Amino acid sequence: MAELIAGFDPAAEWEALGPRPAAEARTAFFKKLRKAGYLVPCKKDRPQELSVINDQKNKRAMLPLFTSEEELDKWPFPKEASSLLDFDTLKGIVIDKPDTIQGLAINPFGRSLTLLLHQLQEIDSLTKGYSYERSQNRGEVRFFPLFVTVPPLEAALKVLFDGFDTVYRAWLLLAQPKEELAPHLAMIIDFSGDRAKLFAQVADLLRPYMKKGDRFDLTKADYKLLTIAEKAAKPVYVRE
């Protein structure tokens with residue numbers, strides 16, 4: 001559950017670290033950023049519809065985040081309501097919609113801190129050991145079953161997916177785009193609703209099974225992918 005951190009001033013704390021902060025200091029600050037909850041203006045009857053502000057100077061759209069009610073009161077536009085969201089959910093929105101939202105603006109009408117996509121990926125790399133981004137269409141992709149099964153991972157995925165009422169089936173496969181020499185790990189998930197929190201938790205489960213430099217794909221299933229996955233292998237998860 002996301003919670004506001006009393007007295008948290010990200011811009012001031014970042015500036016206090018100096019122009020070249022040590023890796024340990026940066027990591028500690030990034031962990032605090034990820035731990036905090038943030039208020040985001042939204043529609044009263046549609047809280048999932050978050051407000052966006054336009055940075056005219058740099059020609060980019062940003063999600064406005066506020067660390068307190070006092071900061072939120074500086075919002076200069078009509079305010080219907082606000083949602084309290086965690087950092088990973090908000091970061092996931094930027095990663096999922098890089099063409100329409102370019103970053104996060106924390107306390108944009110006070111002492112502000114701006115985080116663009118590459119900075120969000122740096123935060124993940126330092127605090128989680130990996131980062132992720134939305135994959136571009138790589139054309140034709142072939143899918144294969146795994147060479148070996150991993151029962152501990154499958155058990156952990158079942159526990160995770162059982163906690164999401166909107167996850168129905170999932171496949172753990174090897175994917176190989178036509179132009180690539182070697183396959184990589186991929187998961188196709190049949191679910192409805194928001195992907196940000198689900199994909200973040202799946203990525204955390206997969207990470208211990210990956211070597212440095214490895215990559216994996218997480219994909220929301222559509223009809224075509226469901227057909228391909230069903231032919232390629234048995235699902236690792238089916239909701240009972």
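All values reported here derive from a predicted model rather than from experimental measurement. Just the heavy atoms: all of them, side chains too, but no hydrogens, waters or symmetry mates, feed the values below.
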Check against side chain to side chain contact (heavy atoms under 4.5 Å, CB included), K43 and Q48: CA-CA 8 Å; K43 295 288 186 181; Q48 73 279 4; over 6 Å; no
Side chain to side chain contact (heavy atoms under 4.5 Å, CB included) evaluation trace for W75 with I53: CA-CA 11 Å; W75 179 252; I53 57 175; 3.7 Å; yes
Test log, rule side-chain hydrogen bond (donor to acceptor under 3.5 Å, both in side chains), inputs N107 and S112: CA-CA 5 Å; N107 297 333; S112 65; over 6 Å; no
Steps toward side chain to side chain contact (heavy atoms under 4.5 Å, CB included) verdict (F29, L17): CA-CA 9 Å; F29 174 72; L17 295 179; 4.0 Å; yes
Stepwise side chain to side chain contact (heavy atoms under 4.5 Å, CB included) check, L174 with L146: CA-CA 6 Å; L174 292 174; L146 297 183; 3.9 Å; yes
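Between M62 and T114 the shortest heavy-atom distance is CE-CG2, 3.2 Å. Taking all atoms of both residues into account, the shortest heavy-atom contact from P177 to H184 is CD-CE1, 3.8 Å. In plain terms, the two heavy atoms of L63 and S51 that are nearest each other are CD2-O, 3.5 Å. Closest of all the heavy-atom pairs between L33 and P10 is CD2-CB, 4.1 Å. Between V167 and R239, the shortest heavy-atom contact is O-NE, 2.7 Å. Of all the heavy atoms in V238 and P235, the pair that sits closest is CG2-CG, 3.5 Å.
You'll find the side chain of L157 stays beyond 4.5 Å of the side chain of Y237, heavy atoms only. Looking at V141 and D217, their side chains never come closer than 4.5 Å, going by heavy atoms from C-beta outward. In this structure, the side chains of W14 and P21 come closer than 4.5 Å at one or more pairs of heavy atoms. Looking at F66 and L4, their side chains never come closer than 4.5 Å, going by heavy atoms from C-beta outward. No side-chain heavy atom of Y38 sits under 4.5 Å from any side-chain heavy atom of S68. Between M187 and W171 the shortest side-chain heavy-atom distance does not fall below 4.5 Å. Using a 4.5 Å heavy-atom threshold, the side chains of D124 and K91 count as touching. Side-chain contact between R195 and L218 is absent, with no heavy-atom pair separated by less than 4.5 Å.
Tracing side-chain contacts under 4.5 Å through hydrophobic residues (I, L, V, M, F, W, Y), one reaches I5 starting from L65; they form part of the same cluster. Under the 4.5 Å side-chain heavy-atom criterion for Ile, Leu, Val, Met, Phe, Trp and Tyr, Y209 and F147 are members of the same hydrophobic cluster. Residue L126 is grouped with residue V94 when hydrophobic side chains (ILVMFWY) are merged at heavy-atom distances under 4.5 angstrom, including chains of intermediate members. Taken together through direct or relayed side-chain contacts under 4.5 Å among Ile, Leu, Val, Met, Phe, Trp and Tyr, L50 and L116 form parts of separate hydrophobic clusters. Grouping the Ile, Leu, Val, Met, Phe, Trp and Tyr side chains by contacts below 4.5 angstrom, directly or via other members, places F87 with L85.
A salt bridge links D162 with K158: at least one charged nitrogen is closer than 4.0 Å to a carboxylate oxygen. The residues D86 and R34 are annotated as not salt-bridged, no charged nitrogen and carboxylate oxygen being separated by less than 4.0 angstrom.
Under the side chain to side chain contact (heavy atoms under 4.5 Å, CB included) rule, L120 has a single partner from L115, I95, D88, which is L115. When each of L113, L72, D9, I106 is paired with T67, the side chain to side chain contact (heavy atoms under 4.5 Å, CB included) condition holds for I106 and for no other. Evaluated for a side chain to side chain contact (heavy atoms under 4.5 Å, CB included) with I93, the options V52, V40, L104, I101 yield exactly one hit, I101. Considering I188, I189, D190, V236 as possible partners of R169, the one that fulfils the side chain to side chain contact (heavy atoms under 4.5 Å, CB included) test is D190.
Interatomic distance, R111 CZ to E71 CD, rounded to the nearest 0.5 Å: 11.0 Å. With values rounded to the nearest 0.5 angstrom, F8 atom CZ is found 5.0 Å from E13 atom CD. To the nearest 0.5 Å, the span separating OG1 on T219 from CZ on F199 amounts to 6.5 Å. Here the NZ atom belonging to K97 is positioned 12.5 Å from the CD atom belonging to Q102, to the nearest 0.5 angstrom. The line from CZ of F216 to CG of L172 is 10.5 Å long, rounded to the nearest 0.5 Å. Here NZ of K57 is found 8.0 Å from CG of D55. Values are rounded to the nearest 0.5 Å.
Of the possible polar contacts, one joining the D222 side chain to the K224 backbone as a donor-acceptor pair under 3.5 Å is found.
Counting non-hydrogen atoms of other residues, nucleotides and ligands closer than 6.0 Å to NZ of K74 gives a total above 12. Open room surrounds NZ on K35; 12 or fewer heavy atoms of other groups in view lie less than 6.0 Å from it. For F77, the CZ atom is densely surrounded, since the number of other residues' heavy atoms within 6.0 Å is greater than 12. Counting heavy atoms of neighbouring residues, nucleotides and ligands inside a 6.0 Å radius, atom NZ of K79 exceeds 12 of them.
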